[in-house]
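Below you'll find the structure, written out as structure tokens, and then a few comments.
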Protein chains: 2
Amino acid sequence: MSNDKREHIMEVAVELFSTNGFEGTSIRQLAQRADVNIAMINYYFGSKEKLFETMLEHKASYMRNRIEAVEADQSLTEIEKLDQIIEDYVARFLSQPEFHRVLQQELLVSQREALHQNVISLFAKNTQNVVAIIEKGIRKKQFRKVDPPLVFSSIIGTINQVMQSRTLCNMLMNKASDNNPYQDPQFKKRLIQHLKQMIHAQLLIEKDI
Amino acid sequence: MSNDKREHIMEVAVELFSTNGFEGTSIRQLAQRADVNIAMINYYFGSKEKLFETMLEHKASYMRNRIEAVEADQSLTEIEKLDQIIEDYVARFLSQPEFHRVLQQELLVSQREALHQNVISLFAKNTQNVVAIIEKGIRKKQFRKVDPPLVFSSIIGTINQVMQSRTLCNMLMNKASDNNPYQDPQFKKRLIQHLKQMIHAQLLIEKDI
DNA sequence: AAAAGTTAATTAAACGTTTGTTTAAATTCT
DNA sequence: AGAATTTAAACAAACGTTTAATTAACTTTT
């Protein structure tokens with residue numbers, strides 16, 4: 001089986017799904033853009049929905065749980081772990097903006113129930129780990145008595161917010177509308193610094209910000 | 001013209017659009033759920049897309065810019081303005097979860113270009129005002145030298161994050177999956193408190209948190 | 001090493017549904 | 001009576017999918 005072609009189709013799929021949504025993308029449109037015959041998509045993936053699932057699985061496997069490794073690392077303090085997680089998240093999201101837009105869409109829309117639940121439990125997994133770290137920091141009296149799940153929501157929500165729309169992000173950052181903030185290393189730095197400053201100020205009791 | 005019926009259709013529309021997306025919702029499905037004839041939608045609104053636009057406009061008019069009023073209020077300090085804005089945002093979002101999910105979808109998907117731009121400029125407007133408040137606070141040396149647009153992204157992003165999926169929100173908050181967090185006054189209180197604490201800790205130089 | 005045979009890949013065309021929309025007749029309201 | 005509303009039926013277009021025929025790529029046989 002020509003894996004190149006399969007991957008090429010998935011690449012085009014994530015692109016189209018991210019800008020037009022799943023229902024808003026037709027097989028014909030996809031086939032034309034990928035320069036393959038319409039029947040090839042069903043030949044390779046079985047159905048449009050299977051293509052979607054396969055593509056998600058394929059993309060998700062690229063970025064599997066570094067967070068668990070960070071949590072287990074005994075040599076890091078709790079705040080260092082959070083810093084590490086912030087850097088990881090930002091790096092991942094920025095490296096695959098289209099994929100993460102598709103994930104967000106799938107969270108918002110509960111049309112394909114099974115997939116919807118899959119994406120939810122994927123998020124839930126990461127939540128548990130980060131919440132556990134924050135709770136540990138509180139128990140050790142290194143952190144203030146914050147609301148752990150909402151702190152996590154603020155980290156992930158901030159990133160999601162700027163990833164939601166390139167145009168909106170440029171507007172926010174006062175950049176030209178043809179700019180691509182997600183490939184701009186300065187934007188990445190800025191986002192990481194903001195998140196760290198926010199988390200440090202909110203969590204740390206001693207003020208060494 | 002029977003305005004009741006028009007509004008009823010729009011009510012069902014925002015419900016279906018929020019769970020199935022615009023493309024994922026069919027006129028027939030909508031007509032059946034609203035208990036009207038299929039042709040009535042085109043009779044009242046002209047087309048499916050016009051219904052969508054009209055519904056957005058109708059819903060948006062309910063929650064027009066209190067933020068501008070808050071900004072103009074001379075009797076409030078900058079941090080008090082931000083507190084007020086946080087309360088306003090949370091109250092609005094929680095009162096219309098379906099509508100805001102539709103807005104978020106429209107930001108993610110750039111299928112209907114004109115509408116997409118409309119939603120963007122609606123957000124952009126609010127951004128400008130909040131950013132201006134934060135900048136003023138920095139100039140007055142009441143706030144730390146934070147990144148104003150990203151601070152705003154964190155506020156709005158946190159709310160969006162918990163509004164994205166009821167299931168995810170319940171999972172996050174350790175509630176039963178049939179719970180409706182958006183109608184729970186305790187959740188509202190918790191969210192507001194978290195946001196205020198976050199913003200205060202991050203912005204205020206003196207530590208009267 | 002060439003030919004025959006077998007499987008995999010690719011194609012254009014057609015399939016039955018479903019889509020949003022329109023029509024023209026019937027009903028209701030003023 | 002006349003205008004606004006409501007209806008069931010029909011419209012063409014687009015949808016995801018399947019089919020059956022053709023080409024390409026390997027394997028096996030001689």
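Letters A, B, ... are given to chains in the order of the sequence lines, protein chains preceding strands, and every chain is numbered from 1.
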Note to self: Both conditions, 6.0 Å and 45 degrees, for the charged tip of B:R112 above the ring of B:F52: are they met here?
What the structure shows: yes

Notebook entry, point to check: How long is the line joining CZ of A:R28 and C1' of C:dT11, in whole Å?
Noted result: 14 Å

Check: Is the phosphate of C:dA12, meaning OP1 or OP2, less than 4.0 Å from a side-chain N or O of A:N37?
Finding: yes

Notebook entry, point to check: Out of D:dG16, C:dT21, C:dT11, which nucleotide sits closest to the side chain of B:I38?
Noted result: C:dT21

Checklist line | Whole-Å distance separating the CZ atom of B:R6 from the P atom of D:dA4 | finding: 15 Å

Item checked: Minimum-distance nucleotide (side-chain atoms of A:S47 versus D:dT17, C:dT11, C:dT21) -> D:dT17

Checklist line | Whole angstrom value for the distance that separates P of C:dA12 from OH of A:Y43 | finding: 16 Å

Checklist line | Rounded distance in Å - CD (A:E23) to P (C:dT18) | finding: 15 Å

Check: Given D:dT6, C:dT10, C:dG20, which nucleotide is nearest the side-chain atoms of B:Y44?
Finding: D:dT6

Next item on the list: To the nearest Å, give me how far apart CZ (A:R112) and P (D:dG16) are.
Entry: 12 Å

Notebook entry, point to check: Taking the side chain of B:N42 as its heavy atoms from C-beta onward, which of C:dT21, D:dT6, C:dG20 lies nearest to it?
Noted result: C:dT21

Checklist line | B:S26 side-chain proximity, nearest of C:dT19, C:dA12, D:dT17 | finding: C:dT19

Checklist line | Closest nucleotide among C:dA8, D:dT6, C:dT21 to the B:K48 side chain | finding: C:dT21

Note to self: From NE2 of B:H8 over to P of D:dT6, roughly how many Å is that when rounded to an integer?
What the structure shows: 12 Å

Next item on the list: Would you mind checking if A:D147 and B:R190 are paired as a salt bridge, meaning a charged N to carboxylate O distance below 4.0 Å?
Entry: yes

Notebook entry, point to check: B:A39 side chain: which of D:dG16, C:dT10, C:dT22 is closest?
Noted result: C:dT22

Item checked: N-O pairing of A:E53 and A:K50 below 4.0 Å -> no

Check: Given atom CD1 of B:I41 and atom P of C:dT22, what is their separation to the nearest angstrom?
Finding: 13 Å

Check: Between B:E113 and B:Q117, is a side-chain hydrogen bond (donor to acceptor under 3.5 Å, both in side chains) present by the stated rule, with each step listed?
Finding: CA-CA 6 Å; B:E113 201 48 48; B:Q117 291 300 334; 3.1 Å; yes

Next item on the list: Examine the side chains of A:Q104 and B:Q164 and answer whether a donor and an acceptor come within less than 3.5 Å of each other.
Entry: yes

Note to self: Distance check needed: D:dT6 P versus B:F45 CZ, whole Å only.
What the structure shows: 12 Å

Note to self: Side chain of B:M40 only, heavy atoms from C-beta on: which candidate in C:dG20, C:dT10, D:dT5 is closest?
What the structure shows: D:dT5

